[in-house]
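Encoded as structure tokens, the structure appears first; notes follow it.
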Protein chains: 2
Amino acid sequence: MEKRIPDIYNSLQELSWQFGDHGFNGECCGDLSLVEYMALKKILNTRSIPIQEIGIALNFTKSGATRIIDRLEQKGYVLREQSPVDGRVCCVTVTPRGVEIMSKIIEKYTKYVQDILEEFKPEQIEQIGNSLEMLVKAVQKNKPFDSSF
Amino acid sequence: MEKRIPDIYNSLQELSWQFGDHGFNGECCGDLSLVEYMALKKILNTRSIPIQEIGIALNFTKSGATRIIDRLEQKGYVLREQSPVDGRVCCVTVTPRGVEIMSKIIEKYTKYVQDILEEFKPEQIEQIGNSLEMLVKAVQKNKPFDSSF
DNA sequence: ATAATATAGTTGACGTCATCAACTATATTA
DNA sequence: TAATATAGTTGATGACGTCAACTATATTAT
């Protein structure tokens, strides 16, 4: 067992808490919850996506996904349209207002990250960027997580 | 604006989602929610802590903290005791069962992180560890996060 | 000493949210 | 064309955190 591993786990957890639902004094993303923000981001990145896909991507049931889209639609950030290809499918797209709120949110967070990293040298920032990239890639390989207890 | 910053933000968010409430198929920590796990960890690290402190540390109201402790107590992982120093204060301590579940959870996650990092070289792991440590320290300096929209 | 105030914690009512199971509507297959 | 499969929605439900009001203990002022 690599000695550094437990430290890495702890750091990851600490950071995740800060960037998760309870960080930033619970003030996540304007009038969006973290979940809504993530859904909106997913929709934006795919341009048009069936509701179920959103649920799968974010680990919600399809009814959960329906409810998330309900909220985003009420707030005016997305639109439902019936798919021209398959009448059962409900393509969700982002409205201009949705695009706008997203860019504002991303701007705030980016600003925050920049403040956080203010005192680091460019090569340190480079190193941090590389490390996080490696981690993300490693995580996306979807190693099984044994959740039995 | 450093060019790397938006990437860093994205990576952080990606990792946070994975390590947050919805990652790992929602299978966080045995019979503990992420919030309960974080509270238990906090209690363990301080040995004995007033309920309100837990709320402050994790960004909950004091009644929210009360409810979290209720759940942990029902599950047998913590105990409430009146403080000998101040009768208003309710010192929370971890039971042996609490210690046990914590070490199991940490073991699982550490194992997971190890699997994730399996293919990296020791110096890469070292670099990742250092980067995360820098990030955690930077975050803990508690820069203000502008949450206005 | 005692009355007034402050603080820690609890509780009932409430709103939010995700899930389950049942349902509708459309598509595919036999 | 009948049977089955799939996408999405909905009502009922349970988990959870907050607010405001409350209890109990401690501190401060007179």
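Within every chain, numbering begins at 1; the chains are lettered A, B, ... in the order of the sequence lines, protein sequences first and strands thereafter. All values below come from the heavy atoms of this structure, side chains included, with hydrogens, waters and symmetry mates left out.
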Note to self: Quick one, Leu44(B) and Lys41(B) - any side-chain contact, counting heavy atoms below 4.5 Å?
What the structure shows: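 The answer is no; the side chains never approach within 4.5 Å.
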I'd like to know if [X] pairs up with [Y] as an ion pair, taking the criterion as any Lys NZ or Arg NE/NH1/NH2 lying under 4.0 Å from an Asp or Glu carboxylate oxygen.
| X | Y | value |
| --- | --- | --- |
| Glu27(A) | Lys108(A) | no |
| Glu133(B) | Arg4(A) | yes |
| Lys111(A) | Glu107(A) | no |
| Glu36(B) | Lys75(B) | yes |

Margin query: If you assign Lys62(B) and Arg67(B) each to the DNA chain C nucleotide with the nearest heavy atom, which residue ends up on the more 5' nucleotide?
Written below: Lys62(B)
Note to self: Quick check: on DNA chain C, is the nucleotide nearest Ile68(A) upstream (toward 5') of the one nearest Gln82(A), or the reverse? Name the residue that is more 5'.
What the structure shows: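 First, find each residue's nearest nucleotide; the 5'-ward one identifies Ile68(A).
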With a 3.5 Å cut-off and sequence neighbours excluded, list the donor-acceptor pairs that the side chains of residues 16-26 of chain B form with protein atoms.
unit_1: Ser16(B); atom_1: OG; unit_2: Leu12(B); atom_2: O; d: 2.8
unit_1: Gln18(B); atom_1: NE2; unit_2: Tyr112(B); atom_2: OH; d: 3.4

Next item on the list: Note every stem involving DNA chain C: at least three consecutive Watson-Crick or G-U wobble pairs, i with j then i+1 with j-1, with both distances under 3.5 Å.
Entry: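 C:1-30 with D:1-30 - these are the stems of 3 or more pairs that involve DNA chain C.
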Notebook entry, point to check: For Phe60(B) and dC19(D), what is the distance between atoms CZ and P respectively, to the nearest whole Å?
Noted result: 13 Å
Item checked: Distance in angstrom units between His22(B) NE2 and dA15(D) C1', rounded -> 13 Å
Next item on the list: Heavy atoms of chain B, cut-off under 4.0 Å: which first and last nucleotide of DNA chain C, 5' to 3', fall inside that, if you could look?
Entry: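 Contact boundaries, 5' end first: dA6(C) to dA13(C).
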Item checked: Distance-only polar pair, side chains of Tyr109(B) and Asp146(A), donor-acceptor under 3.5 Å ->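 No, Asp146(A) and Tyr109(B) have no side-chain donor paired with an acceptor closer than 3.5 Å.
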Note to self: Going by salt bridge (charged side-chain N to carboxylate O under 4.0 Å, His left out), Glu73(B) matches just one of Arg67(B), Arg97(B), Arg80(B). Which one?
What the structure shows: Arg80(B)
